[in-house]
Every structure is written in C-alpha cells, then in structure tokens.
Amino acid sequence: MIASATVFAGASMRVSRLMLVTLRDDPAEAEIPSHKLLLRAGYIRRLSSGIYAYLPLLWRVLQKISAIVRQEMDATGALETLLPQLQPAELWERSGRWAGYTAGEGIMFHLTDRQGRELGLGPTHEEVITTLAADLLRSYRQLPVNIYQIQTKFRDEIRPRFGLMRGREFIMKDAYSFHGDEDSLKQTYAAMDLAYRRIFERCGLRTVAVEADSGAIGGSASQEFMVTAEAGEDLILASADGRYAANQERAVSLPPEALPLPAGPRAGGVGEPLSTPGQTTIEQLCGAHGFEPSQLVKVLLLLARFADGQVQPLLISLRGDQQLNEVKLANTVAARLTPAHGALLAIDPLTPELVRSEQLSLDLRGIPFGYLGPDLDDAVLAKAPEEMGLDRSESPVGAPGDGGASSSAEARLVRSFLRLADATAVDLVAFVCGANAVDGHRVGASWTGLGLRPEPLDLRAAQSGDRCLHDPDQCLQAARGIEVGHIFQLGRKYSEALGARFTNESGVDEALWMGCYGIGVSRLAQAAVEQHHDRDGICWPVAIAPFEVIVVIANTQEQAQVELAEGLYNELSAAGVEVLLDDRSERAGVKFKDADLIGIPWRVVVGRGAATGQVELVRRAGSEKCELPANAVRARLETELSRGRAGEPAVR
RNA sequence: CGGGGCGUGGCGCAGCUUGGUAGCGCGGGUGCUUUGGGAGCACUAGGUCGCAGGUUCGAAUCCUGUCGCCCCGACCA
C-alpha cells in the first residue's frame, strides 16, 4: 500500500459538530468561482481586506497540502525550520531593502517597539536566513544545505484580491539553499524543479512551468509554476510542442516581418516631411496614408523614478505594430542606472499629473505629443519658463510643512533623455516617425539619417501568435495562470550584502551561493478549487480534500439508516479513512447539496436500501453512482482512495 | 495612489429620484405536517439604515466630511 501524505489518518468528524455554515447565495464580496465557493462552502471568512480566517475544513486542506510539501522537501534532504516573523529593520537596512519595502509602495508591515526600535513583519525571509547562514555556515564541508519553513507571511499588498489568491496574510513554504559554487546551486535548483512538479501533481493540479522574471527578489534564473485557470492573474505564452513556456513579462519571440516602405531602402535618409494634422495615433496615420503599423517607429515618453530622487526621462522607440513590455524596460533601465541612483522605484508614462505630483518644473507644452520622433531634442526638458503659472499656483499651498505626498528624497528631473530602442525598430532601414513638431511626420527616415545609433534591445512584449525562437514553425499560444510556485537562483546578492561567507577547499574565504524556492500554500488551495469545481460546488482531488468520504444518512428518523451509517462510519474511520458523517436532521436534499458544495470526493448514501444492507456510492467528480452492499464499501473505497492519495492523474 | 462601484437584521437585496410607518427572499428559534436533490404552514426573535456633522418640524432618503469593502491599473506565492 502506498503511504498517504495525510496527517489525519483515521480522523473522522460529524457534520453536526463541524461548525459548518454554508451559504445559498454568492457573497457579494467574491468575484471568481473559487473565492465564491470557499466562502459559500464554509472554508473561509474574511476579517478585513486580504485577511482571512481559515475555518476547520480549510485548515485540514492546508495541513494536507503542507504534508505533501513536507514529504517532498524532506525527500530532497531539505531541513524544516521555523524563523521569526518579527524582523529588525537593521537586517533589512544591511541588505538595502528596508527603504524599498517600507516606504511608498513598499509591501512590508512595520512597527516601532517600546524601545523605539523599528521592526518589520516578515514578507519573506532572505535577510533572516542569510544572517543565520553567516553565523552557522563556515566551511565547504557543511555545504550544500537547503532550509525551509511553512508559515504565515505578511505583505501589505497594494491591492489584495480574490480571497486567498492575494492576501495580506497568507501561508507560504519558503526554502533557501546555500552552496559553495554555482554548479551546486544549479543542482539544487534542478532538484527543486523536480520536487515542485511532484508536489503539484500529487495535489492534483495541472501546472505549467514557465520562465519568469526575477523581479524584486533579484538573481538570475527563475521559473514559475502556474496553475492554468481562466481567473489567473498572469499571462502565459507557450509553444504547442511544449518546449517553450514563459510568463509574458519575460517571454521572447520572433517579431512578425516588417513590411518595407514602398519606395525601397533609403539608407541614410532623414525622411520627407508629411503633413499629418490631427493624426496622433498609429491607426489614424495608417488610415490616412496607407502605411502599415510595422513601417512606423513610435516613440513613448516615460519617467523613471529612483531612490535617490532622480527622475530620468525615457524616450523609447518601438516598431509601430509592437507593444512595450514594461518589465523588460524596468530591468533594462535598472541595469543601467541603479548603480548610480539606487533602486528603481517606478516607471510611469509622462503625464501632467505625474509632473505636478513630483513637483518637477517641466513645461509639457513644449513637447509635441503624438508627433514624437526618436531624435526628440533634449531641449524640451529645459527648465520651464517662469511665466508658466501652473506650478506656482499649486506649490505654495502644498509645500509648507504638510508633508503629504513628499518623499524622503527630493525629486530632481534629469535634463536629458535616456534613449532606448527595441530591436524591431532598430532593424528598420527606413521608417515613418514623428517630426517632433505638431501636425507633422517624416517618411523614409533612417537611424543614421537622424544621427542616432541605437543599441538594439528587447523591450517588446511577445504576443500570442508570434513565432518561437527555438523553432520558427511553432507559434506562441496564450493561457492564463495562477502562480503557485517560484524558484530562483539568487546568486550571491544577499550573501555579499549580509556577509554570509565560508571557507572553500583552498582555504579562501568567499560568499555563499544562494537559491530560494517558494510555494503559496494557501493560494494553492484556492487554485485547486479554481481548477476543480463544477456548478454544484468544489471537487477536491483526494490528496488534498478535507475528508475523503462523507457518509450521508438520508433520513435520521429511520433507525436502520442511522445504525448502518454509524457502523460504516466507525468501520471506515478505524480503517484509516478520513470520513465525515452527515448526521444532521436535515432533509436528504439539503445534505446532498452541502456534500456537493464542500466537495468531498466520495459520498456514501445510507438511505432506503438500509433495511437490506444496500448503500449508494457516489464519486463527486463526474457524479458516477453505484449501489453496493454496505459491507463491501470499505474494500471498494480503499482501492479507490489509495490511487487518489498517491496523487491521482491531474486530468481525468 | 488614480479611475469605477457599494455600505440597510447572519447572507443576498429592495426602499433613496420626489424626506414622514424599515421591507422582501434566504438563514435562526418553536410547533405541526413532510422526509432521496436547498420542503409546506403557523408563530417568533433579530436592524444605532457604516460613522460623524449639517439642513429640516421631521433624514435610510438631501448636503459635507470620514471610515470600510469590492472591481480595473502598479506589486507578488
């Protein structure tokens, strides 16, 4: 017999004792199916935005998921631990993340203790674990190690959403590995990849592993595990042959061929002026003059804000038929300017509101929006003329000591553009672009003609339908996904910042290599519901169901039914089956509806056939039914359950 | 934070335009009938109409402020 991951072997319960409250109507607060069902079926209750109570049924689900995670992590040799959630600011200051995580859009709840010391409530544990590693790991002989915990994380999300999907308090498994060299890191990373695939499969989830952006955590390679579902917040792009899959934030592809301008190549051209009054969009321009979007270079103006208060204007050139990928842009900008200006805090389109809120003196009237060319003169960023009354009327009011929107560092506008161009734009020999003057464009311009030599960058968003790099015959297909896991190769970023060093074989002191590996346990539970439900309710995979079987007494007035059901309940329970007995004096219909809603994988109905010892067995997913003698139920269920406990195939 | 919406018994909602008695369905309790797909009848309990000001003889309703919640964007497991 295959070992069950369950921590509840034999645990049983009566529905009348379960504090179960199911709702007939969809709660107004929920939008997506899984959130509605978890509320309706009595799994969760909201306490405040993004803060939920896990009711007894859900707690069992979470415990079962945790048990699977624990088994698979332990099988890789990882060590379970439990780290503090209250973390001193000093630690985060050393890693350089305190300001970014607490100020402004920062995500860390923080507080001051009675001694005036600042503390943060852990949103993640790189700082704590790296400090411990610095203390405990001294020699290559101790390496590699992988340490994990399953515990509540706190994140003051900008927008909590969809119940457990994006909570401000949620349960996460996080693991951190330490290595003497990069190869060892890669081995553990690969082992985690495999362990994660097993975990999700055992939980009964259909997942896809995708290349991912590393984001704020930092580091090089990273991969996300997505539960495919309509309600997913992420867009996945994958090839049909299964060889390439990536988060759209990260995805690469071959752009569609550009159509050359009809008059042929005009290398070195500066472009013929074209009068285009009122034609400020690509559609208008193409509609009026018969251009194709791929013959245009569009130019976007954005502002990048840095921790030191510098505000850098960005001038981005893209081929007219392409879209900007803001994640790629942010990574590019951060790579170039973070060393000088500190963390990149935000990139926003240049708008009058933004200019005003940052109190930057910039006269937007000098900028010919809708007619921008890649060679737009830095002079448009010159200090605003004194007569520009806009700022003057507002700033004296907001300025004196109200401190409202003012950030720690005073915003200063850099007076020259950072010009970046996507390769699709750079590759155009001749193109149409704005004339940098209202109501005019240029036809047949070229990069050399404009006096520019842009470096071809990847700033474009890959799209569904694009051809793949690994095989141009393959196209990218789009799907939505819920991120339930993410693994990173961190490298030495944190170990260097926090002084986590060891002595290598040659007696030389060096920084540890690190990896980190997360699973959103509570999110996973809801993602499972998102993937396994029907119009009547949840259909839990056996491995993570709160109970495996529910025995329903159709009519509690019938002594024969009660006795048979009680006997079955005791027998199953004694046999190690997690069984729920619906002993409530409700009508049968109510109990059937509730059983469907809460989604117990198997239902045994003790009803009319009780007198002759016959009961009905119903599988929740698919509702297949069969009649059988009560004394055959245990054997039958044990066969069926052993399959599910081991992790049933995700697709039936 | 910007944009949109909503706060009325435990849950889902009406009432607000045009100020005057707080209402419906579900749920809870009691009784009778019913008893294999959210039963019927009767009785019953339960509401500071988010909160605070204001206008008015009178505010759920009008005005101002404020708090909370949900949805769309930036963040992420």
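Keep in mind that the numbers below use all heavy atoms, side chains included, and drop hydrogens, waters and symmetry copies. Here is how names work: the chains are called A, B, and so on, in the same order as the sequence lines, proteins then strands, and each is numbered from 1. The shown structure was predicted, so the numbers you read here are calculated from the model rather than taken from an experiment.
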request  = Answer yes or no: are there more than 12 heavy-atom neighbours, outside A/E80 itself, under 6.0 Å from its atom CD?
outcome  =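 Counting other residues, nucleotides and ligands, CD of A/E80 exceeds 12 neighbours.
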Within this structure, what is the [atom1]-to-[atom2] distance between [X] and [N], rounded to whole angstrom?
X: A/L39; N: B/C11; atom1: CG; atom2: P; result: 11 Å
X: A/E224; N: B/C75; atom1: CD; atom2: C1'; result: 13 Å
X: A/E233; N: B/G73; atom1: CD; atom2: P; result: 9 Å
X: A/F170; N: B/C75; atom1: CZ; atom2: C1'; result: 11 Å
X: A/L20; N: B/G10; atom1: CG; atom2: C1'; result: 15 Å
X: A/K328; N: B/A74; atom1: NZ; atom2: P; result: 16 Å
X: A/M165; N: B/C75; atom1: CE; atom2: C1'; result: 17 Å
X: A/E249; N: B/A77; atom1: CD; atom2: C1'; result: 13 Å

Which part of the nucleic acid, if any, lies within reach of [X] when heavy atoms closer than 4.0 Å are counted: base, sugar-phosphate only, or nothing?
X: A/N247; value: nothing
X: A/I107; value: sugar-phosphate
X: A/F225; value: nothing
X: A/E29; value: sugar-phosphate
X: A/G100; value: nothing

Please check if any side-chain donor atom of [X] sits under 3.5 Å from a side-chain acceptor atom of [Y], or the reverse.
X: A/Q151; Y: A/H125; result: yes
X: A/Q248; Y: A/D234; result: no
X: A/E126; Y: A/T124; result: yes

Under a 3.5 Å cut-off for both distances, is [N] Watson-Crick or wobble paired, and to whom?
N: B/C62; result: B/G54
N: B/C75; result: none
N: B/G68; result: B/C6
N: B/G46; result: none
N: B/C41; result: B/G31
N: B/U17; result: none

ask   = Partners of A/R523 by side chain to side chain donor-acceptor pair (under 3.5 Å), sequence neighbours excluded?
value = none
query = Taking only side-chain nitrogens and oxygens of A/T124, does any of them come within less than 4.0 Å of OP1 or OP2 of B/A77?
reply =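 Checking A/T124 against B/A77: no side-chain N or O falls below 4.0 Å of OP1 or OP2.
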ask   = Counting just side-chain N and O atoms, does A/S48 come under 4.0 Å of either OP1 or OP2 of B/C69?
value =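 So the side chain of A/S48 is within the cut-off, an N or O lying under 4.0 Å from OP1 or OP2 of B/C69.
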Whole-angstrom distance between [N] and [M], as gauged at atom [atom1]:
N: B/C32; M: B/C51; atom1: P; value: 41 Å
N: B/C63; M: B/C6; atom1: P; value: 14 Å
N: B/G54; M: B/C11; atom1: C1'; value: 34 Å
N: B/G2; M: B/G65; atom1: P; value: 14 Å
N: B/A60; M: B/G19; atom1: C1'; value: 10 Å
N: B/G38; M: B/U66; atom1: P; value: 50 Å
N: B/C70; M: B/G12; atom1: C1'; value: 15 Å
N: B/A14; M: B/C24; atom1: C1'; value: 7 Å

query = Is a donor-acceptor contact shorter than 3.5 angstrom present between the side chain of A/R155 and the base of B/C76?
reply =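 It does not, because no donor-acceptor pair links the side chain of A/R155 to the base of B/C76 below 3.5 Å.
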inquiry  = Check this for me: does the side-chain of A/R159 come within 3.5 Å of the base of B/C1 through a donor and an acceptor?
reply    = no
query = If we only count heavy atoms from C-beta on, is the A/F225 to A/R197 side-chain gap below 4.5 Å?
reply =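 With C-beta onward as the side chain, the pair touches.
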query = Got A/L524 and A/F200 here, is their nearest side-chain heavy-atom distance under 4.5 Å?
reply = yes
inquiry  = Here's one to test your reading of the geometry: is the NZ or CZ of A/R60 within 45 degrees of the ring axis of A/F547 and under 6.0 Å from its centre?
reply    = yes
request  = Any chance you could list the contact pattern along nucleotides 28-39 of chain B? Use B for base contacts, S for sugar-phosphate-only contacts and - for none, protein heavy atoms under 4.0 Å, 5' to 3'.
outcome  = ------BBBBBB
request  = Assign B/U61 to syn or anti; the rule is syn for a glycosidic angle within 90° of 0 and anti otherwise.
outcome  =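 Anti, angle beyond 90° from zero.
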note = Between A/H486 and A/I158, whichever has its closest RNA chain B nucleotide further toward 5' is A/I158
inquiry  = Both A/E483 and A/A346 contact RNA chain B. Taking the nearest nucleotide for each, which residue is further toward the 5' end?
reply    = A/A346
When you get a sec, tell me which of [options] is the closest nucleotide to the side chain of [X]?
X: A/E31; options: B/C75, B/C71, B/G12; result: B/C71
X: A/R161; options: B/A77, B/G12, B/G73; result: B/G73
X: A/D25; options: B/A77, B/G12, B/C71; result: B/G12

query = A/N247 and side chain to side chain donor-acceptor pair (under 3.5 Å): which partner among A/E224, A/E211, A/Q223?
reply = A/E224
ask   = Hey, is A/R166 close enough to A/E233 for a salt bridge, meaning N to O under 4.0 Å?
value = yes
